[in-house]
Every structure is written in structure tokens, then in C-alpha cells.
There are 2 protein chains.
Amino acid sequence: MERQTRQRAAIRAAIAQAGRPLLPQEVLEQAQREVPALGLATVYRTLRSLSEEGSIATVQLPGDNVRYEPAVSPHHHHFQCTDCRRVFDVHACPGDLQRLAPEGFQIESHELTLYGRCRDCGAPGRAQARADLPPGSCAC
Amino acid sequence: MERQTRQRAAIRAAIAQAGRPLLPQEVLEQAQREVPALGLATVYRTLRSLSEEGSIATVQLPGDNVRYEPAVSPHHHHFQCTDCRRVFDVHACPGDLQRLAPEGFQIESHELTLYGRCRDCGAPGRAQARADLPPGSCAC
DNA sequence: TTGTATGCAAAGCGTTTGCAGTGAT
DNA sequence: ATCACTGCAAACGCTTTGCATACAA
């Protein structure tokens with residue numbers, strides 16, 4: 001059975017209070033304010049077990065490391081800022097994606113990631129967007 | 001300037017003839033049938049330069065390693081079979097995604113990945129889907 | 001007391017880089 | 001003859017694992 005430890009509580013709290021999906025390293029830094037001796041291996045082990053028990057959800061963005069967020073929202077997508085790289089929840093969904101599938105392909109689920117400028121970073125100016133994010137710009 | 005080598009030709013050919021996005025390791029194995037002494041580092045370096053010059057495109061699926069495909073289609077998405085893990089192009093796009101963004105967020109591009117059963121694998125039966133793919137099933 | 005959880009360090013895995021030798025121009 | 005390209009091995013960043021210790025239960 002699971003044991004209640006200071007480390008586990010700190011990790012839970014870090015994710016619950018972040019307001020956005022966190023990288024394991026970010027979870028570590030946040031949780032260390034509570035438990036300074038906390039190790040990264042413990043963070044990874046705890047994130048895995050919390051994820052398996054359904055307490056937290058993984059956020060997988062194309063070409064980026066896994067992030068974790070509270071497992072509250074039923075279905076949503078994500079927005080990543082091309083400038084500050086932070087990730088935000090998007091509580092909307094295009095819906096009806098089965099129509100996009102080729103003949104004979106049955107869709108069970110989907111992942112959508114939006115890229116652009118977040119509210120803080122504003123429109124692209126002298127500080128241009130990092131070039132190492134997915135292109136995919138289209139007029140759709 | 002760029003030089004034409006057997007290695008580069010073999011790598012180009014591997015991607016051009018694959019018919020689906022390939023992992024670097026798959027590119028290596030295919031290209032080694034032409035140039036047995038080919039090294040993985042050369043594959044990575046060549047994939048990068050071909051990608052930068054626009055000859056090939058990167059395919060980044062959430063939580064999976066980068067794949068490469070010919071840079072032909074202008075804008076499309078991908079379908080990954082939850083059974084055989086293969087990736088297929090989807091030449092369709094939901095479009096008009098700006099409406100999904102929160103106030104103040106400007107969308108520049110997007111990535112969409114569809115998951116389900118490909119034509120070959122059919123509906124889920126006794127051979128159940130691998131559990132290590134993104135969930136995200138919804139009624140949208 | 002018992003055994004899970006922890007911290008540290010080492011190992012894995014995919015990818016990148018340093019360097020000397022190879023080969024296209 | 002140049003100098004970009006190649007192969008090998010070492011280095012890297014992120015994640016996982018081995019092992020002895022710490023601490024909930």
C-alpha cells in the first residue's frame with residue numbers, strides 16, 4: 001500500500017498549485033522549497049505512481065519532455081508559447097475529427113497542440129520566436 | 001557547399017521510398033543495405049541538414065521519437081495506430097483553430113495527432129491496444 | 001518490527017559533438 | 001590540395017534503476 005510522506009505531499013502540492021503543466025525538474029524545484037533534500041529520482045518515481053493511480057495526468061507535447069498536471073479536466077488541449085516555452089491548458093476542442101480520417105481508419109482519441117504567443121509574450125517583435133519548435137503554419 | 005556522397009544518397013533514398021515516416025534507427029538500417037559501414041552519427045547529421053535545407057520534414061508525435069518523411073505535402077497531420085504503432089499521413093485539417101485560443105493568445109501553428117486503429121489492424125479485439133499511448137479519448 | 005519510500009550514484013537510451021582520417025570537388 | 005563528410009567513441013540531457021538507509025505503518 002502507499003505511504004504518506006513529506007516528499008509525496010510536496011510533489012502533490014507542487015502540481016496542484018502550479019496552474020500549468022510542470023516538467024519533472026520544475027516539480028523538483030517547487031517541491032524542494034518544502035523538502036530541500038528531495039531528490040530527482042524520487043520525483044520521477046512519485047510522478048509515475050501518481051500518474052498510474054490517476055491522481056495526475058501526463059502532458060505530452062510533440063518534441064518536448066513530459067509535463068504533469070492535476071487530473072481534473074476531462075478533456076482539453078494545450079497551447080505552447082513559442083517565446084517563453086510555457087504550456088497552458090486550452091479548454092476547447094475542434095470536435096468531430098472522425099471526418100478527417102482516411103477510409104477504414106477508426107479514430108479513438110486525438111491530441112492537439114496549439115503554438116503561438118501567450119498573453120505575456122505578445123506579438124512577435126524584435127525578440128523573434130525560437131526556431132526549434134514545430135513549423136506547421138497553415139492558413140486553415 | 002554540400003557534397004554528394006554515397007551515404008547521403010542512401011539516406012535520401014531510404015526516406016523517399018519508405019512510404020511512411022521513419023525513425024533514425026530505421027533510416028540507418030535501410031540505408032545500410034546500400035552502405036553497410038554507415039554510422040548512426042552520420043544519419044543524424046544528414047537528417048538534420050536535409051531537414052534544414054527543406055528536403056525532408058520532421059514528424060513529432062507526442063511522447064515518441066522524431067520521425068522523418070519527404071517534404072512534399074504542404075500541411076497535413078498524422079494518424080498513429082494504437083496497435084501496430086505505425087504512423088500515417090492525414091491530408092486533412094480541422095482548420096480555424098484561433099477560435100479555440102484563450103483571450104490574448106495568438107495562434108501561429110498547430111499539431112494534430114489522431115490515434116486509433118489503422119485499416120490493417122481493424123477494430124480492437126482480443127489483441128488490445130497498447131496502454132502506453134496518450135489517452136485523450138473524448139466524445140467530441 | 002516490517003517493508004515501502006528515499007537519496008545517491010550508476011546505468012540506459014536517444015541524440016549530439018570532438019577529432020582524426022576519408023574522399024568529393 | 002582543399003575542406004566538407006564520415007566513422008568512432010565520448011559526451012549529453014532526460015529518465016530509470018540498484019542499493020543501502022530512513023522512516024511510515
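Just so it is clear: chains get the letters A, B, ... in the order the sequence lines come, proteins before strands, and each one is counted from 1.
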Original post:
Considering only side-chain heavy atoms of A:Asn65, which listed nucleotide, C:dC19, C:dA5, D:dC14, is closest?
Top reply: D:dC14
Original post:
Which whole-number value in Å describes the distance from A:Asp64 CG to D:dG13 C1'?
Top reply: 13 Å
Original post:
What is the distance, rounded to the nearest whole Å, between atom CG of B:Leu40 and atom P of D:dA10?
Top reply: 16 Å
Original post:
Is B:Glu26 paired with B:Arg67 through a side-chain N to carboxylate O contact shorter than 4.0 Å?
Top reply: no
Original post:
Does the separation of the ring centres of A:His75 and A:His91 fall below 6.0 angstrom?
Top reply: no
Subject >> Side chains of A:His110 and A:Gln98, donor plus acceptor under 3.5 Å >> reply: no
**OP:** Figure out the CZ/P separation between A:Arg67 and D:dC14, and round it to whole Å.
**Re:** 11 Å
**OP:** Check whether any side-chain N or O of A:Gln7 sits under 4.0 Å from OP1 or OP2 of D:dA22, and answer yes or no.
**Re:** no
**OP:** Could you check B:Arg6 against A:Ile11 and say which one's nearest nucleotide on DNA chain C is further toward the 5' end?
**Re:** A:Ile11
**OP:** Could you check which of D:dC14, D:dG7, D:dT17 has an atom nearest any side-chain atom of A:Arg48?
**Re:** D:dT17
Subject >> For atom CG of A:Leu28 and atom P of D:dG13, their distance in whole Å >> reply: 17 Å
Original post:
Nearest-Å distance, CZ (A:Arg45) to P (D:dG18)?
Top reply: 10 Å
Subject >> Donor-acceptor under 3.5 Å (B:Arg20 side chain, B:Arg86 main chain) >> reply: no
Subject >> Phosphate OP1/OP2 of C:dT6: any A:Thr46 side-chain N/O under 4.0 Å >> reply: yes
Original post:
Thinking salt bridges, do A:Arg48 and A:Glu53 make one under a 4.0 Å N-O criterion?
Top reply: no
Subject >> Nearest to side-chain heavy atoms of A:Ala41, which nucleotide of C:dT16, C:dA9, C:dT6 >> reply: C:dA9
**OP:** Measure the distance from CG on B:Leu47 to P on C:dG14 and round it to the nearest whole Å.
**Re:** 15 Å
**OP:** Would you kindly compare B:Thr5 and B:Val66 by the position of their nearest DNA chain C nucleotide and give the one closer to the 5′ end?
**Re:** B:Val66
**OP:** Please determine, for the side chain of B:Gln4, which listed nucleotide (C:dT25, C:dT6, C:dG14) has the closest atom?
**Re:** C:dT25
Subject >> Interatomic distance, B:Leu38 CG vs D:dC5 P [rounded to whole Å] >> reply: 15 Å
**OP:** Grab the CD-C1' distance between B:Glu53 and D:dC5 for me, whole Å please.
**Re:** 14 Å
**OP:** Under 4.0 Å between any heavy atoms, over every strand shown, what does A:Glu2 touch: base, sugar-phosphate, or nothing? Just pick one.
**Re:** sugar-phosphate
**OP:** Looking only at side-chain atoms of A:Arg3, point me to the closest of C:dG7, C:dT4, D:dT16.
**Re:** C:dT4
